[in-house]
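Worth saying up front: this structure is predicted, and the values here are computed from it rather than measured. No hydrogens, no waters, no symmetry mates; every other heavy atom, side chains included, goes into these values.
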Amino acid sequence: MRIIPPKDIPLSEILPNPPILLMGAGPVPTPPEVKVASSIVFSHLGPTMREIIKRLQLMGQYVFQTSSTRILGIAGPASGAMEMAMASLIWPGRKVLVLNLGTFSARFGDMARGLGGDVTELVPASLSCFKASDVKAALEKDKFDVITLTHGETSCGIKNVELEEIARVAKSMGVKVVVDAVVTLSCMPVPMDEWGIDIMFTGGQKGVSAIPGIALIAFSETCFDEIQARTEKMPHWCLDVRRAWKFWGLGEYHYTAPVPGILALHEGLRLICLETLEKRFERHTQSSLSLQRGLQEIGLEMYAPEYCRLQSVVAVKNKTGVVTKDLIQYMIQKHHVEISGAFGLDIVRIGQMGEQCRPENVSRTLAALKEGYAHFA
Ligand SMILES: Cc1ncc(COP(=O)(O)O)c(C=O)c1O
């Protein structure tokens with residue numbers, strides 16, 4: 001049978017018009033500089049790319065707050081960066097302590113088990129983050145090689161407030177610290193060196209406000225050297241950091257690099273450097289607090305206790321009797337504003353990362369949510 005081409009439908013007939021304002025847990029709206037950069041393709045090898053990578057690593061050092069030069073991009077989601085971190089440190093028999101707050105921190109456990117790691121999971125007793133004292137007690141019970149945690153657990157809107165102390169305790173016991181900073185990097189302080197973090201990563205589609213499908217990861221120099229010294233084969237080829245460093249460190253071929261994604265990351269990082277971390281953190285804090293005040297004014301309650309509430313993805317309790325899926329769909333159709341549902345919990349989640357933290361975006365979201373709930377009342 002001969003297969004003929006399908007009827008032509010141009011993208012313009014598929015994409016929503018007007019475009020949807022992305023106010024969920026990511027991806028987030030992209031600034032004009034990122035839009036331009038992510039439409040450019042040129043050779044991934046050669047002096048132009050070398051210069052861009054050098055600049056990207058320099059700006060990455062500022063954003064991660066690390067003196068380490070071992071910063072790499074990954075053609076893939078943030079989970080790809082998580083997988084590179086795990087494959088670098090876990091092999092059969094390695095003991096891993098996974099601090100499980102929800103979907104994303106649990107993913108570390110899945111990956112570690114897949115790599116043959118001996119996984120112990122810790123879950124907090126109540127709706128809260130982890131206490132450093134509890135983590136210390138768990139670390140003292142056994143000899144662990146690696147501890148993993150999410151700084152901000154997007155699925156329930158909780159922040160590990162005691163990350164700094166947890167990392168310090170783990171480090172003092174010789175345990176490698178892997179941190180998912182996917183929804184916190186560039187939104188709030190998470191200084192990698194000062195807090196003693198060995199590996200930290202994010203995705204392009206979150207605070208950096210680049211595009212989905214590209215991730216960024218940083219290794220401390222010590223941790224990187226230890227991984228380089230490993231002689232065993234890694235379980236992954238694309239995600240083998242030793243192979244990836246051929247491109248990111250030496251400008252040689254590993255795989256064809258995602259040129260538009262790298263350029264988008266470059267622009268996202270450049271805009272952060274121009275704004276400065278201090279001003280950016282303040283913008284994020286003020287915007288998130290204003291969003292939360294607005295949510296309370298329309299009679300909504302936050303899901304996470306104030307003490308450990310994640311400011312960059314705000315989880316809001318749903319109103320009784322409303323199906324969140326219907327509410328979200330209605331807001332998209334009527335107001336062209338999209339927020340996120342959740343993985344099993346009766347909450348909606350509103351993002352406060354990068355370009356989402358603009359007063360006009362916050363007020364548009366609040367108005368859409370208010371009218372949406374009124375519609376379903
Ligand atoms: C905290 C956190 N970690 C990891 C991920 C995974 O990111 P990706 O979907 O890009 O793999 C997400 C995605 O929302 C996240 O919020």
Side-chain angles (χ1 to χ4, degrees), residues 70 72 74 76-124 129-132 134-155 160 162-163 166-182 192 195-203 215-245 343:
R70 311 305 189 164
L72 303 88
I74 290 156
S79 305
M82 187 188 273
E83 203 138 42
M84 178 183 271
M86 297 306 272
S88 298
L89 295 179
I90 316 291
W91 52 88
R94 289 276 274 184
K95 284 191 165 287
V96 191
L97 183 63
V98 172
L99 305 191
N100 184 352
L101 271 184
T103 307
F104 297 106
S105 28
R107 193 167 291 178
F108 276 120
D110 286 344
M111 289 182 184
R113 278 183 286 268
L115 291 158
D118 179 355
V119 176
T120 302
E121 287 200 23
L122 216 58
V123 182
C129 63
F130 287 97
K131 289 193 170 58
D134 291 343
V135 177
K136 183 167 185 276
L139 286 171
E140 281 167 350
K141 272 204 198 128
D142 210 337
K143 169 88 190 77
F144 287 98
D145 300 297
V146 180
I147 183 172
T148 66
L149 68 164
T150 43
H151 187 204
E153 175 55 62
T154 323
S155 59
N160 265 314
E162 299 189 26
L163 167 59
I166 291 170
R168 188 171 300 129
V169 166
K171 197 148 194 87
S172 72
M173 298 167 95
V175 181
K176 289 273 180 292
V177 182
V178 181
V179 172
D180 170 332
V182 171
M192 186 170 164
W195 290 4
I197 295 165
D198 291 288
I199 308 182
M200 193 158 95
F201 56 86
T202 190
L216 193 62
I217 188 166
F219 294 75
S220 72
E221 294 283 355
T222 323
C223 183
F224 185 87
D225 290 346
E226 285 174 25
I227 296 161
Q228 280 287 17
R230 281 184 63 187
T231 49
E232 310 86 15
K233 281 210 181 318
M234 292 270 186
H236 303 289
W237 192 92
C238 287
L239 296 175
D240 178 347
V241 64
R242 297 173 308 190
R243 290 181 197 276
W245 191 250
F343 305 91

Residue pair Val182 / Thr154, side-chain heavy-atom distance below 4.5 Å: no
Whether Asp145 side chain and Ile90 backbone form a donor-acceptor pair below 3.5 Å: no
Ring-face cation of Arg242 near Trp245 (centre distance under 6.0 Å, axis angle within 45°): no
Heavy-atom check, side chain of Leu163 versus side chain of Cys129, under 4.5 Å: no
Test: Glu140 and Lys136 ion pair at under 4.0 Å: yes
Flag, side chain of Asn160 to backbone of Phe130, donor-acceptor distance under 3.5 Å: yes
Test item: Arg94 side-chain N/O and Leu89 main-chain N/O as donor-acceptor pair under 3.5 Å: yes
Heavy-atom side-chain contact between Met82 and Thr148 under 4.5 Å: no
Side chain to side chain, Ser155 and Glu153, heavy atoms closer than 4.5 Å: yes
Side chain proximity check, Phe224 to Val241, heavy atoms < 4.5 angstrom: yes
More than 12 heavy atoms of other groups within 6.0 Å of Lys141 NZ: no
Side chain proximity check, Lys176 to Ile199, heavy atoms < 4.5 angstrom: no
From CD1 (Ile197) to CZ (Arg168), nearest 0.5 Å: 11.0 Å
Side chain to side chain, Ile74 and Phe201, heavy atoms closer than 4.5 Å: no
Contact check, side chains of Asp198 and Val178, non-hydrogen atoms, under 4.5 Å: no
